[in-house]
**Q** 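One structure is given below, represented as structure tokens, and several questions about it will come after.
Letters go in sequence order (proteins before strands), and every chain restarts at 1.
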Number of protein chains: 2
Amino acid sequence: MATIRDVAKTAGVSIATVSRVFNGSSAVNEETALQVWAAASALDYWPNGAARSLTTSRSSTLGVLLPDLFGDFFSEVIRGIDQLAKREKYQTLISGSHASVEDVLTATRAMRGRIDGLVMMAPDSITVESVTKIRRRLPVVLISPPFAVDGCSSVSIASFSGARAVVAHLVGLGHREIAMVAGPAGNVDAEERLRGYRRGLAEAGIQPRDELVVQGDFRESSGYAAAAALLDRRPRPTAVFAANDCMAIGLMSALGNAGLSVPQDVAVVGFDNIAIAQYMRPPLTTVHVDAYALGQKAVRLMLDTLSDPDGAKVTVQTIDVALKVRSSCGARPSTTADAYTGADTDQQR
Amino acid sequence: MATIRDVAKTAGVSIATVSRVFNGSSAVNEETALQVWAAASALDYWPNGAARSLTTSRSSTLGVLLPDLFGDFFSEVIRGIDQLAKREKYQTLISGSHASVEDVLTATRAMRGRIDGLVMMAPDSITVESVTKIRRRLPVVLISPPFAVDGCSSVSIASFSGARAVVAHLVGLGHREIAMVAGPAGNVDAEERLRGYRRGLAEAGIQPRDELVVQGDFRESSGYAAAAALLDRRPRPTAVFAANDCMAIGLMSALGNAGLSVPQDVAVVGFDNIAIAQYMRPPLTTVHVDAYALGQKAVRLMLDTLSDPDGAKVTVQTIDVALKVRSSCGARPSTTADAYTGADTDQQR
DNA sequence: GAGCGCCATGTAAACGGTTTCATAGTTTCA
DNA sequence: TGAAACTATGAAACCGTTTACATGGCGCTC
């Protein structure tokens, strides 16, 4: 493995000059630079990343921490992160499946000295203290955090208002018995969607009832399982709002197996608008969330934090969502404009 | 940021001792070790990764290169990679969306000195030369490579035999006019599936006809679009094999919109068995591919390569696939055992 | 009780870069 | 024409570790 010294020797210059050439810094005679490039290419040389970060104390790498969830939505988020990071010449050190606070701390420890900042989609069990602790040594941006942390920018999904809009829409279609398949307890977005569902009902003058809420875990199977429980309810719900599309899809499958048709017998609405939602039979009414943009915004906030000298600028963003009416809710799908909801706030403090 | 020197000073020992404590190496007096731990924890010290890799020339990090594809299948592969890597105390440096050979070389250059090995799901345009070049400096494991490379272990999907089994199954159900929605040209698995489709037809004494093959790109939309083309064919195909599930789902959606029912009017079969496949209406007959295992095997091969002193051991694996009969093909779904196909070869040379 | 070996620890040299500062050579300008 | 300013380059310190080697103390053995 050729080092900077080999290149220097081959090019007949000092290592300082080679370094300058590779960093495009200050003035190096053009002819000299060409010799250096030639030597480097002959030796297949490229600066060693570890050595470089050791002296510069910058790694051009972003750490990404993910919870144990996966699937279409999360892979879109990662794609957004990766692409913007790549465009900005950053690499991406990913670590998934963190269930506990201890897990997270271990992972960030292992990343020490290898990353310039941490984008964190934390597990539900994370605490303010642990994030604060990490923040002391490293810029941190949070995605859908359960709380605000001093010095951390964050970007969240307008889950509450999206869910409220879903209920309002269903009520507008005449539904009164609206059930919900909730997401995993503890998950912020799951809870916000549940809260929005309850608020939506209350605003329509309908008393939210706990027996109409079935617990799920964001996966298809739990949506499928939820159907059995809901079909037992009397009066039977005429509409079901699932906290994400995967569960909605599982639910629709179970309803079909039970001989019920969507939306005639039961209306179904999901959340996220994953790629397949529009290809379901019937096409799934859902709340569109731009997962790709979510990932991108997180990286953008991180870059802002990194370029901010004293780390004083903290931005708390919410990405907007939009009700996407298709057929599964029984409404005539609006082919053009979708009902808009949610806010794209961008506060600085 | 506390360094090893700060800890040494606080604990009243030399930096060598601190290093030894953190590496569990050789004998350190238990009492001394405790003092070091105490000092480290008081200063919130953890060894700097960059410095460590500089001296040891090991980074405990695996590079992962992905093409521009995404979705359920790929995120499962990544999950498999990440989880096994994590369990084996490796970190994962991911870089996605590589379209060209140049892209790949740039990415691997940027990783230089930061990774111990590279797991590569290369773009279709990759060449033997470029992989060979990378291999000269770094262990490389390939996923679904278009060719074998000296010194590189690889793991592939039994796409050919899976596709052949699909056709055999459809022929067994009485279909003769079997169309295919192919994957992107150049993609190895897409091409193997196409080849398996043709072979399957030939083995059944049916002449493969090019007008029954529609080009897709592995995404739902292309499956949707393919329907229009296929429904024009006379005689109309009675069965369609899509090269992956996403396209099959898009296809089914379009067929439904055209007033055709699956499987009565047209039988549909996919490939991959992504999570939602079983929740489709009708449930999608497909070829099961264990994407998670695929990722895991790649990492396992990498670990083997890394622990192999002279890098002589090269393993070429194929992960087996299995036809998963559900309703979309019109057969009575086998609830228990699935028809088995494909080989799990494990040759060493 | 001198010699030997072992154990715990310290000293210092890498590892491969970046960067500050010094220096020699070349302009520029009065 | 000589001082000043600038340009291109080199020498050397430093980044935070690991590790080969040196060292000193102690318990054994003969």
**Q** Does D:dT18 have OP1 or OP2 sitting under 4.0 Å from an N or O in the side chain of B:Thr55?
**A** no
**Q** Counting any heavy atom closer than 4.0 Å, what does B:Val13 reach on the DNA or RNA strands: base, sugar-phosphate only, or nothing?
**A** sugar-phosphate
**Q** Which is more 5' along DNA chain C, the nucleotide nearest B:Glu30 or the one nearest A:Ala50? Just name the residue.
**A** B:Glu30
**Q** For C:dT9, does either OP1 or OP2 sit under 4.0 Å from a side-chain N or O belonging to B:Thr32?
**A** yes
**Q** Have a look at B:Tyr45 and say if it touches a base, only the backbone sugar-phosphate, or nothing, with a 4.0 Å heavy-atom cut-off.
**A** sugar-phosphate
**Q** Report yes if some heavy atom in the side chain of B:Val13 is under 4.5 Å from a heavy atom in the side chain of B:Val18; otherwise report no.
**A** yes
**Q** For a quick test of reading the model: is some side-chain N or O of B:Asn29 closer than 4.0 Å to OP1 or OP2 of C:dC7?
**A** no
**Q** Return no unless some side-chain N or O of B:Thr17 is found under 4.0 Å from OP1 or OP2 of C:dG10.
**A** yes
**Q** Strictly below 4.0 Å, N to O, side chains only: are B:Asp44 and A:Arg137 in salt-bridge contact?
**A** yes
**Q** Over all strands shown, is B:Ser53 touching base, sugar-phosphate only, or nothing at heavy-atom distances under 4.0 angstrom?
**A** nothing
**Q** Tell me which one of A:Asp116, A:Leu306, A:Ile115 satisfies side chain to side chain contact (heavy atoms under 4.5 Å, CB included) with A:Arg58.
**A** A:Asp116
**Q** Establish, from distance only, whether the side-chain atoms of A:Gln83 and B:Ser97 form a donor-acceptor pair under 3.5 Å.
**A** yes
**Q** Using only side-chain N and O atoms of A:Ser57, determine if any of them is under 4.0 Å from OP1 or OP2 of D:dC15.
**A** no
